[in-house]
Amino acid sequence: MIFEKITISNLFSYLGEVSFDFTGQQPDRPIILISGRNGFGKTSFLNSIKLLFTGPHEDLRNSIVSKRKLSQRRYILGQGEEWMGALHRHARTQLNTPRFYVQCEWNEQDGAVTALREWFPDGDFNPDGTLSIHTNFMDEKLIGSDAQQFIEKRLPSSYLPFFFFDGELVQHLAQANKSQLADQVEGILNIAPINSLLLYLNKVNGGWAKKGAKANEQRILNQIKRDCEEINDQLSALKEKNTELKHTIESITDQIEDLERRIRSLQGFDAQEEETQLKAKLIRIQDELAQLRVDVVNLFAPAAPLTVNQPLLEKISLKLEQHDTQSPHPNKEFLGYLRRHLPLQVFDRPAPSDVQLSSTQSQFFQDRLIQALDGSIEQSKNDKSIQGLPVEKTRRSTLKRILIPIQENDPLPDHAQRLTQIRRLSLQQSEIKLKLENASSLHEEDRHQLQSLREQKNALSQQKEKHLRDSGRTDLEIEQKKRDLKRKQIERNDQEKQIVKASRYHELSKLTIKLKDCFDDYKQALRSNRRKSVEETINRHYKILMTSNDLLHKISVDENFGIHYEDQDGALLGSASLSAGMKQLAAISLLWALKEVAKKSVPIIVDTPLARIDRKNQENLLRSYFPKASEQVIMLPTDSELDPTKYKILSPFIYREYQLDNPSGDGTQAHEQSMYPDDQEA
């Protein structure tokens, strides 16, 4: 299977139809390079191909939302703020009759094949989409399950983790004792068909055992079978009940969310507090504000205005020094003069037009006050109607004692902090008053409706809790029924053996058992042979790829194709002791070995191909693995992974290049051009 053309339309980050033409491949140039920055559409390309072959498979849905798995419908259409969906969100609203599909064309021995999976979000939506197969060697196109069977024969879904993968995530395949690994590897190594044959022989043997059973033993067997059927029915009923419970829980959750939206809309604000709580909070804030304001007032000494005008303070001190003691009391007429004239000269006289309401304006009026004060004092000396402001020696000394501390100390160090706190509390007070006003502004009918919605929500929440408890109990019952069924199946197998011994079909049954044992031995021998081949090949490839560390001396493969690591003394190395890069190279070696031993002709698509590998081992991958990994290798790197130096290593094996462009984040386009044109020409 060699891909000739891939077209993606309005899926993930691809807006509109974007095509990749892979025709013209040369045997010595198997590599297609599709490069782009993070978020430009490389992973979207990989996931689109996976969608074509498997639909919204479990593996695709597992890693989208943490701690839970999306349903197929929500994976395709989206899940609120958590996941935008596989269908392009803007295409659904901005384009006229948009098409959502992924299409792949390839050639095989019988002729050309075109596989198309398309989604129709309007009407009766099917999250699997519609899969169709068009060929030039079949009279009619295949649709639905027939098309999926056609795909499975060429590229089974169990193959995908080994051939279409993310370089950063592939290391999990190299972890030991994975439960699904044996079945997947047996499928790739052509061992799985023997399992199907063994199942068929078991079925045939069971039929002969039934025909040849004696009456009494047959009655026992029939009763055991009825017990198995009854347990199966109970198990099916429990599973159906649990499925309904989960659907009900999901439906109630949606209803609760809808009620919460309606409550918020009806309230007019996003608060869940009752009016009494808001009023209590308002009283606390008002008390705190009152105390803070008292503190601010107390902070201001009677002479505080002087602290905000240091030049005026200095002028007054200077005047006190210069004055002689001519009169024991200040002149009341002079003080009256100042009260009348200073405001006129300082504040009422217009300011220049270029003075703004800022610190400049403040300085302007301060200077004007000083000038006016000076002028008034000088005028009082020459005006016979106004006498000066003499200060007796004792009073002058007292004023100096008052002024000196003010001049020397920083003015009000805690004042700004308190004012900031007053402002914050004032804003909170305004917000609470607004909430109370909104809450109290509801009409009586709206208040009743709001109360009704809250009661409905509480009732639904109680129902949800009950259903969750019921679901948990049902899970326990399901596990118990499974154990009961397993025990009954063992009884049935034992009884069938007893019947075979006593039946007239004993010889046929013996022959079937021998045949089954023969194929079972063949399976074990084939499995052992394949295991040895995989182990030998994986170690040969790992030594080619990993040249900078001797800690891992050998990779052993057990009977279930689990991976284990050994040092030079044969001692096992814990998986956690190895670096992520070493495990990634081990996983790539496993993929390489499986491909080589199975002799499968399947393209390899790898996202972030160099991932956590260090530079030296990256060069080993570029020289030794990617050019030989398959007849067609589609690599999806960033420019930081594949810099000009590493690009030169790979360049002789590249036959087609595309660069992805997606500056807006949701409109990927593909341009057929080299990552480094100058290097390619050189």
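This one's a predicted model, so the numbers in the text were calculated from it and none came from an experiment.
Between the side chain of Q632 and the backbone N or O of F3, at least one donor-acceptor pair lies under 3.5 Å. Side-chain atoms of N10 never come within 3.5 Å of backbone atoms of F100 as a donor-acceptor pair (strictly under, hydrogens ignored). Proximity of a side-chain donor or acceptor of K42 to a complementary backbone N or O of G36 within less than 3.5 Å is detected. For the pair S528 (side chain) and Q524 (backbone), a donor-acceptor distance under 3.5 Å is absent. Of the possible polar contacts, none joining the N529 side chain to the A525 backbone as a donor-acceptor pair under 3.5 Å is found. Looking at N662, its side chain does come within 3.5 Å of a backbone N or O of G667 through a donor-acceptor pair. Judged by distance alone, with hydrogens and angles left aside, the side-chain atoms of T93 form a donor-acceptor pair with the main-chain N or O of H90 at under 3.5 Å. Under the 3.5 Å distance criterion, the side-chain polar atoms of Q618 are matched with a main-chain donor or acceptor of I613. Proximity of a side-chain donor or acceptor of E566 to a complementary backbone N or O of K554 within less than 3.5 Å is not detected.
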Derivation of the side chain to side chain contact (heavy atoms under 4.5 Å, CB included) call for E535 and I555 | CA-CA 7 Å; E535 184 176 271; I555 301 173; over 6 Å; no
Show your reasoning for whether side chain to side chain contact (heavy atoms under 4.5 Å, CB included) applies to T54 and I151.
-> CA-CA 9 Å; T54 68; I151 288 284; over 6 Å; no
Kindly indicate, with the supporting measurements, whether the criterion side chain to side chain contact (heavy atoms under 4.5 Å, CB included) is fulfilled by K5 and T23.
-> CA-CA 7 Å; K5 185 177 181 181; T23 56; 5.8 Å; no
Test log, rule side chain to side chain contact (heavy atoms under 4.5 Å, CB included), inputs L594 and V534 | CA-CA 6 Å; L594 290 174; V534 170; 4.1 Å; yes
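Judged as a salt bridge (Lys or Arg N to Asp or Glu O under 4.0 Å), not a single pair has a partner in residues 21-33 (not counting sequence neighbours). Residue pairs meeting the salt bridge (Lys or Arg N to Asp or Glu O under 4.0 Å) criterion with at least one member in residues 622-647, sequence neighbours excluded: K595-E631, R615-D643, E619-R623. Sorted by first then second residue, the ring pair (Phe, Tyr, Trp, His ring centres under 6.0 Å) pairs that include residues 42-61, not counting sequence neighbours, are F20-F45. Here ring pair (Phe, Tyr, Trp, His ring centres under 6.0 Å) pairs that include residues 571-592, with residues two or more places apart or in two chains, are H541-W592, W592-Y625. The salt bridge (Lys or Arg N to Asp or Glu O under 4.0 Å) contacts involving residues 127-148 comprise nothing, where partners must be two or more places apart or lie in separate chains.
Distance check: L46 CG to I634 CD1 gives 9.5 Å after rounding to the nearest 0.5 Å. Atom NZ of residue K464 and atom CD1 of residue I256 lie 5.5 Å apart, to the nearest 0.5 angstrom. With rounding to the nearest 0.5 angstrom, the CZ atom of F164 is 13.0 Å from the CG atom of D607. The structure places OG of S132 at 4.0 Å from CG of L116, a figure rounded to the nearest 0.5 Å. Taking CD from Q26 and CD1 from I654, the interatomic distance works out to 12.5 Å, rounded to the nearest 0.5 Å. Remark: Y200 OH to F519 CZ distance equals 12.0 Å, nearest 0.5 Å.
Using a 3.5 Å distance cut-off with no hydrogens or angles, the side chains of Y676 and S651 do not pair a donor with an acceptor.
Remark: H553 engages no residue in a ring pair (Phe, Tyr, Trp, His ring centres under 6.0 Å) (not counting sequence neighbours). Partners of F163 according to the ring pair (Phe, Tyr, Trp, His ring centres under 6.0 Å) rule, which considers only residues two or more places apart in sequence or in another chain, are Y159. Taking the side-chain contact (heavy atoms from CB on, under 4.5 Å) definition, one finds that S44 meets it with F12, S13, Y14, sequence neighbours left out. Partners of S35 under the side chain to side chain donor-acceptor pair (under 3.5 Å) rule, at least two apart in sequence or in another chain, do not exist in this structure. Under the side chain to side chain donor-acceptor pair (under 3.5 Å) criterion, E250 pairs with R74, not counting sequence neighbours. Qualifying side chain to side chain donor-acceptor pair (under 3.5 Å) partners for S19, counting only residues two or more places apart in sequence or in other chains: T7. Residues satisfying the side chain to side chain donor-acceptor pair (under 3.5 Å) test with T248, not counting sequence neighbours, are none.
By the 4.5 Å heavy-atom criterion applied to side chains, I249 and T253 are counted as neighbours. In this structure, the side chains of T668 and F40 stay at 4.5 Å or more apart for every pair of heavy atoms. For the pair I31/Y655, no side-chain contact is recorded, criterion being any heavy-atom separation below 4.5 Å from C-beta on. Within the 4.5 Å cutoff, the side chain of D110 has no heavy atoms near those of the T135 side chain. K648 places none of its side-chain heavy atoms less than 4.5 Å from the side chain of P644. Between T130 and I143 the shortest side-chain heavy-atom distance falls below 4.5 Å. A heavy-atom distance below 4.5 Å is found between the side chains of S589 and L545. P56 has its side chain within reach of L51: a pair of non-hydrogen atoms, C-beta onward, lies under 4.5 Å apart.
Using a 4.0 Å cut-off between charged nitrogen and carboxylate oxygen, D520 and K523 do not count as a salt-bridge pair.
For E108 against F150, the heavy-atom pair with the smallest separation is OE2-CZ, 4.3 Å. In this structure, M635 and L622 approach most closely via the heavy-atom pair CE-CD2, 4.3 Å. Taking every heavy atom of both residues into account, W119 and P127 meet most closely at NE1-O, 2.8 Å. Residues V113 and I133 approach most closely at CG1-CG2, 4.0 Å, considering heavy atoms. Closest of all the heavy-atom pairs between M546 and L585 is SD-CD1, 3.4 Å. Between R531 and V557, the shortest heavy-atom distance links the atoms NH1-O, 2.7 Å.
Cation-pi geometry between R656 and Y658 is not met: the NZ or CZ atom fails to fall both under 6.0 Å from the ring centre and inside 45° of the normal.
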